[in-house]
Amino acid sequence: MNPEISKIFSEMALFFNMQDDVFRYRAYEKGALILDNLSRDVSDIYKTEGVKGLVDLQGIGRGMAEKIEEYIKTGHIKEYEALKKKMPVDMEELTAIEGLGPKGVKVLYKELSVKNLKDLERAARAGKIRNLTGFGEKTEKNILEGIEFVKKNRGRMLLGYAWPRAQHLIEEFRGMKEVTEVSTAGSLRRRCETVGDMDILVAVENSSAPAEAGAELILDKFVSMKGVEKVWGRGPTKASIRVKGNFDIDLRVVPKESWGAALQYFTGSKSHNIKLRQIAIDKKLKLNEYGLFRGNKKIAGKTEEEVYKALGLDYIEPELREDTGEIEAMLCAVSDTAHRHVRCRTPHICSLPKVIEYDSLQGDLQVQTNWTDGDHSIEEMAKEAKRLGRKYIAITDHTKALAMTGGSDEKKLMRQMVEIDKLNKKISGIKILKGAEVNILKDGSLDIEDEVLAKLDVVGVSVHTSLKMSKKDMTERILRAIKNPNVDILFHPTGRLLKKRDPYDVDMEQIINMAVKTNTILEINAHPERLDLKDEHIRMGVGLGAKFVIDSDAHNYEHLKYLEFGIAQARRGWAEASDVLNTLPIDEFLGKLK
DNA sequence: GCCGTTTTCGGCCCGACTGTTTTCAGTCG
């Protein structure tokens with residue numbers, strides 16, 4: 001229920017903004033964000049703890065709590081409907097247009113009765129918008145372009161596809177002699193599963209005059225790069241472009257002295273930063289992208305570590321900066337003052353984890369080959385994995401219920417095991433494990449006989465069919481499967497495909513608890529389109545004592561690199577190396593299996 | 001609308017850039 005109410009709150013926020021009620025606007029915007037980040041469903045909280053449980057959430061007070069209650073009880077919120085009635089505009093759709101905000105929507109509605117994207121396009125094409133006060137020819141043109149963009153490019157880019165592009169860009173800038181530092185920032189640096197745009201930050205030598213120190217050159221290069229389709233804006237320190245593939249990139253240039261403060265500032269998240277600035281204010285300091293100041297005196301800003309330290313905090317990894325309790329955890333650990341735990345109800349809240357490092361995986365436990373729907377042979381996959389530094393991989397081709405992939409039956413699996421034995425003799429430096437990705441059938445049984453499963457080194461199971469079952473049935477189906485003593489790993493536990501398919505309806509808490517009880521490992525599937533488990537379920541699992549593996553789900557040797565994104569996801573889920581079993585050497589890893 | 005060992009009232013994060021204005025409001029991140 002959280003996403004529905006969050007959507008209503010954020011739309012209400014825009015209405016309040018339109019009415020110049022900025023504080024109510026902020027409160028509701030924040031309320032929506034809180035609901036998005038909440039690991040429990042509000043209906044669940046309400047059921048067990050009532051309105052009080054809702055009010056206990058930092059940022060949710062009496063007013064919003066009662067609206068949540070109203071929605072749970074009646075399915076709608078009266079005040080929201082009254083707002084919509086007074087001004088029946090599709091606020092979300094219209095403000096999605098770059099450069100158009102609530103104030104603009106108000107004028108467009110009052111003057112031209114624009115209610116939605118269609119009306120907006122008609123008005124813009126008719127040249128009516130340019131005559132409105134506050135608007136002009138240029139704005140009208142931007143609106144038309146914005147409409148085209150929204151039409152073509154609904155949604156965000158997957159992290160796994162944005163990341164390599166950003167790295168490429170970063171290399172370009174690193175090569176310039178004016179540049180002293182360069183990094184991703186924003187949601188990309190926090191490794192959010194999808195990103196709306198790409199933020200790049202660059203530092204130059206001279207503190208007082210960045211323009212003279214080469215900002216001009218850097219921005220020139222940026223806006224004239226190959227593939228630039230549009231320059232949204234260009235100032236002395238900042239430019240914004242759209243590149244081919246309908247993707248926006250922002251570049252900001254800062255003086256070297258402010259690098260840490262700027263990187264911190266532009267990495268966000270927004271609510272993490274607001275909280276930091278509040279801490280600064282409480283200490284009679286001011287934090288902005290140029291540094292941390294006492295009066296006019298800069299007391300920190302060269303590095304991020306310095307900024308956090310000056311605020312009384314340890315360094316916080318970018319992946320954790322989502323304002324989901326990381327600051328409170330730190331304050332608690334540092335000063336032990338009584339405080340309210342914000343939003344997070346997991347038991348390990350009072351210290352920050354030492355999250356898993358990017359180079360810490362030794363094995364990959366889900367790899368497909370040309371025995372089924374993969375592109376390369378077992379040998380090719382193994383050799384590439386070895387080249388990438390893996391010490392072991394499990395070959396986990398599909399099984400027979402997935403006929404379209406040419407899934408293996410028992411006989412084919414036996415043949416494959418013979419082949420793997422041969423290859424293990426032939427190839428040194430990497431161990432190939434015998435495995436399979438076995439289908440969990442509708443009733444929770446598996447499509448391969450136990451007798452054969454017992455012969456495999458690693459058995460992964462997953463749901464690929466009958467995805468639309470009820471939550472109860474789907475949960476029972478998976479519970480039954482992981483109770484099987486031959487089953488080691490539950491692959492992509494929620495079945496989602498980012499931007500394509502919602503997860504199936506399943507009670508993850510029950511699944512995680514059963515996984516712990518039966519010693520079944522949960523997969524963090526690193527494929528950019530899956531990232532399944534997602535961060536909040538990982539965090540729930542860590543809290544409940546579950547163990548994980550991070551796998552590439554490679555169908556091609558290029559895909560073996562994806563592990564990095566699974567690690568990112570694990571970090572976002574507050575997982576430590578000890579929570580992830582394929583950080584172990586092979587013998588220890590095998591010892592952890594059922 | 002939310003919050004509180006400085007406050008139950010009076011605050012609420014901060015700055016860049018654009019396009020419209022002739023000094024600034026709106027939007028964005």
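So that the names make sense, note that chain A is the first sequence line, chain B the second, and so on, each numbered from 1. Keep in mind that what you see is a predicted model, and the values were worked out from it rather than measured.
B:dA25 and B:dT21 have their C1' atoms separated by 9 Å, given to the nearest Å. The separation of B:dG15 from B:dG1, taken at their P atoms, amounts to 29 Å, rounded to a whole angstrom. B:dG26 and B:dT22 are spaced 14 Å apart, taking the P atom of each and rounding to whole Å. Using atom C1' as the reference point in both B:dT8 and B:dC2, the two lie 12 Å apart (nearest Å). Across B:dT7 and B:dA16, the matching P atoms stand 34 Å from one another, rounded to whole Å. Nucleotides B:dC28 and B:dC13 are separated by 14 Å at their C1' atoms, to the nearest Å.
As the counterpart of B:dC9, B:dG4 is assigned, both hydrogen-bonding distances of the Watson-Crick or G-U wobble pattern falling under 3.5 Å.
At a threshold of 4.0 angstrom between heavy atoms, the contacts of A:D21 with the nucleic acid are absent. A:Y290 comes within 4.0 angstrom of sugar-phosphate atoms only, judged by non-hydrogen atoms across all strands, and of no base. Counting non-hydrogen atoms under 4.0 angstrom, A:E66 reaches nothing in the nucleic acid.
Between the side chain of A:Y265 and the base of B:dG15, no donor-acceptor pair of N or O atoms lies under 3.5 Å. Residue-to-nucleotide contacts include a donor-acceptor pair under 3.5 Å from the side chain of A:K284 to the base of B:dT6.
The aromatic ring of A:F135 does not stack onto the base of B:dT20, failing the criterion of a centre distance under 5.5 Å from the six-membered base ring together with planes under 30° apart.
Classified by interplanar angle (parallel below 30°, tilted 30° to 60°, perpendicular above 60°), the ring pair A:F9/A:Y28 is perpendicular. Taking the six-membered ring for Trp and thresholds of 30 and 60 degrees, A:F173 and A:F222 have ring planes inclined between 30 and 60 degrees apart.
Not one side-chain nitrogen or oxygen of A:N288 sits closer than 4.0 Å to the OP1 or OP2 atom of B:dC13. In terms of phosphate contacts, A:K30 brings no side-chain nitrogen or oxygen within less than 4.0 Å of OP1 or OP2 of B:dC3. Not one side-chain nitrogen or oxygen of A:R62 sits closer than 4.0 Å to the OP1 or OP2 atom of B:dG1. Not one side-chain nitrogen or oxygen of A:K238 sits closer than 4.0 Å to the OP1 or OP2 atom of B:dC17. When the side-chain nitrogen and oxygen atoms of A:R277 are compared with OP1 and OP2 of B:dC13, none of them lie within a distance under 4.0 Å.
Under the 90° criterion around 0 for the glycosidic angle, B:dT22 counts as anti.
A:L35 places a side-chain heavy atom less than 4.5 Å from the side chain of A:I68.
Donor-acceptor pairing under 3.5 Å is recorded for the side chains of A:Y46 and A:E69.
Comparing B:dC2, B:dC13, B:dA16 against the side chain of A:I281 picks out B:dC13 as the nearest. Side chain of A:T237, nearest nucleotide from B:dG4, B:dC17, B:dC13: B:dC17. If you check B:dG29, B:dG1, B:dG26 against the side chain of A:K103, the one that comes closest is B:dG26.
Ion pairing of A:D323 with A:K270 is absent here, as no side-chain N (NZ or NE/NH1/NH2) approaches a carboxylate O to less than 4.0 Å.
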